[in-house]
Amino acid sequence: MRTLCEEIKESDIGKEFTFKGWVMHYRDHGGLIFIDLRDYSGILQIVFDENIEGESFKTAKKLRNEYVISVTGTIRKRPEGTENDTLKTGRLELIAKSVEILNTCEVLPFQIDEESEVNEFIRLKYRYLDFRSKRLKDNLIFRSKFTHLIREFLNGKGFFDIETPFLTKSTPEGSRDFLVPSRLNNGRFFALPQSPQLFKQILMVGGFERYYQIVRCFRDEDLRADRQPEFTQLDMEMSFVENKDVISIAEELFAMLFEKLLNVKIERPFKVLDYDEAMDKYGSDKPDTRFELIIRNLTDVFENSALNVFKENIKNGGVIKAVCLPEGSNILSRKDIDELLNTAKEFGAKGLAWTKVSENNALEGGISKFISDGERSRLIAATGAKNGDIIFYQSDSKKTADNVLGRLRLHLAKKYNLINKNRLDLLWVVNFPLFEYSEEEKKIVAVHHPFTSPAVKDIEKLETDPLSVKSDSYDLVLNGEEIGGGSIRIHNSKLQETIFKILSISPEDAKIKFGFLLDALRFGAPPHGGIAFGLDRILMILRNEESIRDVIAFPKTQKAYCPLTDAPSGVNTIQLRELGIKLNENITKI
RNA sequence: GGGGCUGUAGUUCAGACGGUUAGAACGCCGGCCUGUCACGCCGGAGGUCGCGGGUUCGAUCCCCGUCGGCCCCGCCA
């Protein structure tokens, strides 16, 4: 029988137990040896005393860090004054009678649970050692609890967990596919799914009504701190629902998770922000509402501005917008303001006008001499600026001004610590546009995906003014990160065909790419909708990590390389021949 | 595809105008130590300064290239 370190209680004093685990720390005092034994539950101090058990003491002398041992002895209370309250078991210890070395350990490539940060590449190469650190272990155990609670909750709500294929059909819409060549069909390729979107809709047509899956998705795009080529979604879909039904069950799910895992009660219903309002006030479709710095529209104020740049821009349909940084005059030096101009330019700004607010709402510096008294009072009223604040202006198209100020807002908040890290701000962003015009492709493209239902009230505008059509969609935002998104889907094949037409996807193309879905919609498809959440991103935020790599057991580097397994790697010519694949001459064989 | 930062003992980092033997801490090895808990004390081993080329009497340092790592832009329906 084996006992876990942190199962031990005061009432076990005097009883004999066997523990198995790793030697975490080894302290040799000559005639007395202490080790901290670690198993997955926690840590327990073991004492070897030369005078009590000579044989086990001899073995104990040979122990080193990360040796795997089995140790048997008696639990006792630590002598008075030697308790260690930083350990859960710090008032107890095991006095060893016998010890067996189950395995030894070579010199470690890095120290486990070290204070200083270890190069991430080495941590990935020896991932099994990193798992032994408290940080990574706790993150992955948290993840396990998180998914368990999700499954328990959704199973209880009548959802069915149904698997969808990983070897599926490539669709050129959306992100770049990972391709898998087919041996039995040379010249043809499977694609790994970007998400199970079409399959879950097919399941609804099949009558399952409520589906969920915690599922891997694959996208062959460049990596970021919050982007891996394979990542995990909580994918859900429901039949006979409206957006409020999906939103409601998602809120219930998150309220449950936050309460059970973080002991945080969150208010329901969550805040809801219209897409247009989010863009207007926060310059982002995933606003971070943990701080203010709200973007104000000052176009009316500057209609007759003495600044030609402002006046001309307004005349050409542009806007003047601004953010006010409270206490900016104290926080920012003149040099800081100059640097902000460069930052703003990186964000796509043409310039960055500013004014300081001083006593009696007077304006100083920057463009203040071009602002009349009338403009000044309306400007102060609109921004709520006070003595000591700095106002930053953008004069540009609405799109550019919003984007620049949205990013500037985040930049200022991060740089000057305006974000309350203890907050968990959840909110929905709704009423996204259904389409947008892609300058690059010179055509209308879907903002979400082509199966998103238009808002019912806008359906009549589809043919006449498609870009003004809103979608029946909803994104969930946590602390300025998009953590989930969904929509009511199109369940009518005629409407779906109309959408394809607007997206310049010909009926022939639509048939080749999505024919199976269009077929399914013709055979009694129920109204349905759903949502998908980015599990890794949520866990990253809840665990206060800077990267999703720290909540994924086996992540890849920024080059999509796995230092542990050395994947991807070359394959031999026989494998390639079977697949009917020949590499370009200029590709170096590995 | 682009911008920024970065690579020196096992690990985290110093380092020098381009000039003897490249340092520290932790880890490792050996010794001493009966109440430690990041134990302590004494001693020791350990380096192709990412890789290749160039300049130079001489390069870890300067130049060119290359490989890797991290962050960001583009990209991610």
Side-chain angles (χ1 to χ4, degrees), chain A residues 24-38 43-52 57 61 64-66 76 78-87 89-90 93 95 105-126 129 171-177 194-195 197-198 217-229 231 342-343 345-348 403 407 411 432 434-436 438 440-441 444-452 471 473 482 485 487 499 503 505 513-514 532 534 546-547 549 556-559 561 563 588:
Chain A
M24 193 162 100
H25 294 116
Y26 177 85
R27 297 181 291 277
D28 184 347
H29 285 244
L32 195 63
I33 296 168
F34 300 97
I35 66 167
D36 294 333
L37 186 75
R38 184 195 68 237
I43 295 160
L44 177 68
Q45 173 163 283
I46 315 287
V47 186
F48 296 93
D49 190 326
E50 176 170 50
N51 297 322
I52 295 181
F57 192 81
K61 280 277 178 193
R64 292 295 179 269
N65 283 339
E66 296 306 313
R76 71 179 186 195
R78 290 201 192 183
E80 210 172 314
T82 66
E83 299 90 349
N84 179 356
D85 286 331
T86 59
L87 295 182
T89 59
E93 64 189 10
I95 178 77
C105 178
E106 292 184 10
V107 176
L108 297 168
F110 60 89
Q111 286 154 253
I112 294 166
D113 226 17
E114 206 184 6
E115 290 300 313
S116 55
E117 295 264 309
V118 177
N119 178 325
E120 196 178 3
F121 189 86
I122 294 167
R123 285 175 42 213
L124 291 179
K125 178 161 181 184
Y126 302 95
L129 296 180
T171 51
E173 306 283 312
S175 81
R176 192 180 293 109
D177 282 325
Q194 296 168 26
S195 84
Q197 180 61 34
L198 298 176
C217 302
F218 306 87
R219 293 177 191 178
D220 189 6
E221 298 292 347
D222 287 1
L223 286 78
R224 288 282 193 287
D226 64 351
R227 274 162 39 184
Q228 283 274 305
F231 61 98
N342 287 328
T343 308
K345 280 183 176 166
E346 280 167 32
F347 295 159
N403 181 35
R407 291 169 68 174
H411 175 83
F432 276 71
L434 187 60
F435 305 113
E436 65 187 346
S438 163
E440 197 184 329
E441 297 173 63
I444 289 175
V445 296
V447 168
H448 278 101
H449 54 64
F451 321 106
T452 305
S471 65
S473 69
E482 184 199 326
S487 62
I499 300 290
L503 295 171
I505 298 172
K513 289 172 187 164
F514 315 110
E546 297 289 317
S547 159
R549 293 186 298 273
K556 293 178 177 55
T557 69
Q558 199 166 55
K559 272 278 192 72
Y561 172 74
T588 325

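Chain letters run A, B, ... following the sequence lines, proteins first, then strands; residues in each count from 1.
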Name the pairs: protein N/O against N/O of nucleotides 46-49 of chain B, kept only if under 3.5 Å.
none

Taking only N/O atoms, report every protein-nucleotides 35-42 of chain B pair under 3.5 Å with atom names and distance.
{"unit_1": "B:rG35", "atom_1": "O6", "unit_2": "A:Arg76", "atom_2": "NH2", "d": "2.3"}
{"unit_1": "B:rG35", "atom_1": "N1", "unit_2": "A:Glu93", "atom_2": "OE1", "d": "3.4"}
{"unit_1": "B:rG35", "atom_1": "N1", "unit_2": "A:Glu93", "atom_2": "OE2", "d": "2.8"}
{"unit_1": "B:rG35", "atom_1": "N2", "unit_2": "A:Gln45", "atom_2": "NE2", "d": "3.4"}
{"unit_1": "B:rG35", "atom_1": "N2", "unit_2": "A:Glu93", "atom_2": "OE1", "d": "2.4"}
{"unit_1": "B:rG35", "atom_1": "N2", "unit_2": "A:Glu93", "atom_2": "OE2", "d": "3.4"}
{"unit_1": "B:rU36", "atom_1": "O4'", "unit_2": "A:His29", "atom_2": "NE2", "d": "3.4"}
{"unit_1": "B:rU36", "atom_1": "O2'", "unit_2": "A:His29", "atom_2": "NE2", "d": "3.3"}
{"unit_1": "B:rU36", "atom_1": "O2", "unit_2": "A:Arg27", "atom_2": "NE", "d": "2.6"}
{"unit_1": "B:rU36", "atom_1": "O2", "unit_2": "A:Arg27", "atom_2": "NH2", "d": "3.1"}
{"unit_1": "B:rU36", "atom_1": "O2", "unit_2": "A:Gln45", "atom_2": "OE1", "d": "3.4"}
{"unit_1": "B:rU36", "atom_1": "N3", "unit_2": "A:Gln45", "atom_2": "OE1", "d": "2.8"}
{"unit_1": "B:rU36", "atom_1": "N3", "unit_2": "A:Gln45", "atom_2": "NE2", "d": "3.1"}
{"unit_1": "B:rU36", "atom_1": "O4", "unit_2": "A:Gln45", "atom_2": "NE2", "d": "2.7"}
{"unit_1": "B:rU36", "atom_1": "O4", "unit_2": "A:Arg78", "atom_2": "NH1", "d": "3.1"}
{"unit_1": "B:rU36", "atom_1": "O4", "unit_2": "A:Thr82", "atom_2": "O", "d": "3.4"}
{"unit_1": "B:rC37", "atom_1": "O4'", "unit_2": "A:Arg27", "atom_2": "NE", "d": "3.1"}
{"unit_1": "B:rC37", "atom_1": "O2'", "unit_2": "A:Arg27", "atom_2": "NH1", "d": "3.4"}
{"unit_1": "B:rC37", "atom_1": "O2", "unit_2": "A:Gln45", "atom_2": "OE1", "d": "3.4"}
{"unit_1": "B:rC37", "atom_1": "O2", "unit_2": "A:Asn84", "atom_2": "ND2", "d": "3.1"}
{"unit_1": "B:rC37", "atom_1": "N3", "unit_2": "A:Arg78", "atom_2": "NH1", "d": "2.7"}
{"unit_1": "B:rC37", "atom_1": "N4", "unit_2": "A:Arg78", "atom_2": "NH1", "d": "3.3"}
{"unit_1": "B:rC37", "atom_1": "N4", "unit_2": "A:Thr82", "atom_2": "O", "d": "2.3"}
{"unit_1": "B:rC39", "atom_1": "OP2", "unit_2": "A:Arg27", "atom_2": "NH1", "d": "3.1"}
{"unit_1": "B:rC39", "atom_1": "N4", "unit_2": "A:Asp28", "atom_2": "O", "d": "2.4"}

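For A:Arg549, the side-chain contact (heavy atoms from CB on, under 4.5 Å) partners at least two apart in sequence or on another chain are A:Glu120, A:Gln228, A:Ser547, A:Pro555. Every residue two or more places apart in sequence or in another chain that forms a ring pair (Phe, Tyr, Trp, His ring centres under 6.0 Å) with A:His449 is listed here: A:Phe451. With sequence neighbours excluded, no residue forms a ring pair (Phe, Tyr, Trp, His ring centres under 6.0 Å) with A:His411. Not a single ring pair (Phe, Tyr, Trp, His ring centres under 6.0 Å) links A:Phe48 to another residue, sequence neighbours left out.
With respect to the salt-bridge test (charged N to carboxylate O, under 4.0 angstrom), the residues A:Asp36 and A:Arg27 qualify. Taking 4.0 Å as the cut-off between side-chain N and carboxylate O, A:Lys61 and A:Glu50 do not count as a salt-bridged pair.
The side chain of A:Ala225 lies closest to B:rC72 when the candidates are B:rC76, B:rC72, B:rU11. Nearest nucleotide to the side chain of A:Lys559, out of B:rG69, B:rC76, B:rU11: B:rG69.
On the P atoms, B:rA22 is 15 Å away from B:rG50, given to the nearest whole Å. A distance of about 32 Å separates the C1' atoms of B:rU55 and B:rC70, rounded to the whole Å. Spacing between B:rU8 and B:rC61 at atom C1', rounded to whole Å, works out to 11 Å.
In this structure, A:Arg64 does not reach the B:rG27 phosphate: none of its side-chain N or O atoms is under 4.0 Å from OP1 or OP2.
One cannot find a donor-acceptor pair under 3.5 Å joining the base of B:rG69 and the side-chain atoms of A:Arg123. Remark: the A:Arg219 side chain and the B:rC76 base include no donor-acceptor N/O pair separated by less than 3.5 Å. Judged by distance alone with a 3.5 Å cut-off, no donor-acceptor contact links the side chain of A:Asn119 to the base of B:rG7. With hydrogens and angles ignored, a donor-acceptor pair under 3.5 angstrom links the side chain of A:Arg227 to the base of B:rC75.
Heavy atoms of A:Ile33 sit nowhere under 4.0 angstrom from any nucleic acid atom.
Here B:rG46 sits opposite no nucleotide as a Watson-Crick or G-U wobble pair (both hydrogen-bonding atom distances under 3.5 Å).
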